2 protein chains.
Amino acid sequence: MLGTPTQTWQDRRRAAARREVLAAAWEVARRDGLGGLTLRAVADRVGMRPPSLYTHFASKHALYDAMFRQAWSEFDERFAALELPADPRAAVHGIARFYVDFALADLPRHQLMDQRVIPDFTPSPESYAPSQRAMERMVGRFRALQGVALAEADVDLFVAAVGGVVAAQWSNDPGGDRYTRLLGRLVDLLADDLGLPTTTPREDP
Amino acid sequence: MLGTPTQTWQDRRRAAARREVLAAAWEVARRDGLGGLTLRAVADRVGMRPPSLYTHFASKHALYDAMFRQAWSEFDERFAALELPADPRAAVHGIARFYVDFALADLPRHQLMDQRVIPDFTPSPESYAPSQRAMERMVGRFRALQGVALAEADVDLFVAAVGGVVAAQWSNDPGGDRYTRLLGRLVDLLADDLGLPTTTPREDP
DNA sequence: GTCTATAAGTCGATAGAC
DNA sequence: GTCTATCGACTTATAGAC
């Protein structure tokens, strides 16, 4: 605790206000689309005048930046807490399912995290860090699976293919299951290719 | 030819002007991003005043709609003209390579065709038709492959997985080949799963 | 320090002269 | 068909009350 400036007095109000603006921004993005987000709508929702937002965020891009950082941080936290089965193949299915569920739960969040939707917006290095941490954690949990030595390219292929299911689902059948129902088959395909063992035999349908 | 109103007199000028505006819109989108496209920038590029664009397109969304239609029409035309090897597996590789090359050649075009980047923009039925035609042609060429009976889900899985390579390439390594170099391996994986025969043995490296 | 008030510049879009 | 003029909405920034 020592060494931290004890300005906690009104620092908490600032942080709370920031969180409030951020939460309002997500609500507006879900209602009006990520690219349709306006500072006026955010201010309305949080009960402020638009210029007052500049007290908390230097620009609209800074707001997007904070949203990007928060989204990947939440992904990383929840993925870190995700309990996986001991069976390697079941674990890979669990990772894929977690990834797909997270990406399909929130369209603007998915667009911000995984696409390049906002022109001229590039995450700052500080906000890009959580996404790198999340990816490293993913590689780490893959490599911790018993019975196979994974190369970088193996994880890349997995991420690309599973991400493709998400993208196809969102753009061709939003709200449905036309592509997500193929996820199990796709993951088995990839797992077979990696020679991933199954210590527990698969259940009968 | 009979039955067509012979108004071709100044109808051609109208059509030419429309094409010119459309071409300018693509150039602006490639320069400023799809979401960063403005009617002023389009008007500047085509040597018009912004309100004059409304003579040719009823709204900005109508312009996006025409771009969407043009992109899928061009895809369908070029795919129809694509010559594929007789060997079924080589043909599938050809289809995948064509799809990926087309999607990676132009970011705003890819965003417009395959993602939901513009808030509140949904293609009109008339503009959606070419994309359906293209998908049906793709299914048709898959089914024409000798030696295997393909279900709808098989094509869906192929489209999703290959589309995932495109999305990952654009968002994680634009301009590189980190994901596209995995395409051959992915397609072989899918082809193996479908039991696709190889009449011609694969070449040695 | 945080807010209100306000203004400049830009966006999509419309009305009406020629 | 194209123009001028203009509207309402949005982003951004500054000035000043509390």
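Everything numeric in this text was worked out from a predicted model, so none of it was measured. We name chains A, B, ... by the order of the sequence lines, and we start the count at 1 in each one.
- For the pair A:Arg49 and C:dC3, the criterion of a side-chain N or O lying under 4.0 Å from OP1 or OP2 is not met.
- We find that CZ of B:Arg18 is positioned 13 Å from P of D:dT2, with the value rounded to whole Å.
- Taking the six-membered ring where tryptophan is involved, the planes of A:Phe142 and A:Phe158 are perpendicular, since the angle between them exceeds 60° and thus also 30°.
- Per the geometry, CD belonging to B:Glu20 stands 14 Å off P belonging to D:dG1, to the nearest Å.
- Residues A:Phe57 and A:Tyr64 place their aromatic rings such that the two centres sit no closer than 6.0 Å.
- To the nearest angstrom, C1' of C:dA5 lies 16 Å from CE of A:Met48.
- Taking atom CZ of residue A:Phe57 and atom P of nucleotide C:dC3, one finds them 13 Å apart after rounding to whole Å.
- By the 4.0 Å N-to-carboxylate-O rule, A:Arg78 lies close enough to A:Glu74 to be salt-bridged with it.
- For C:dC3, one of the phosphate oxygens OP1 or OP2 lies less than 4.0 angstrom from a side-chain nitrogen or oxygen of A:His56.
- The shortest heavy-atom contact between A:Tyr179 and A:Asn172 is OH-ND2, 3.3 Å.
- Other residues, nucleotides and ligands place more than 12 heavy atoms under 6.0 Å from the CZ atom of A:Arg143.
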### Message
Protein within reach of the bases, or only the backbone? For nucleotides 12-18 of chain C, mark each nucleotide 5' to 3' as B, S or -, using heavy atoms under 4.0 Å.
### Response
BBB----

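- C:dT2 atom P lies 13 Å from atom CG of A:Leu53, rounded to whole Å.
- At the phosphate of D:dC3, OP1 or OP2 sits under 4.0 Å from a side-chain N or O atom of B:Ser52.
- Going from atom CG of B:Asp114 over to atom OG of B:Ser131 covers 9.5 Å, rounded to the nearest 0.5 Å.
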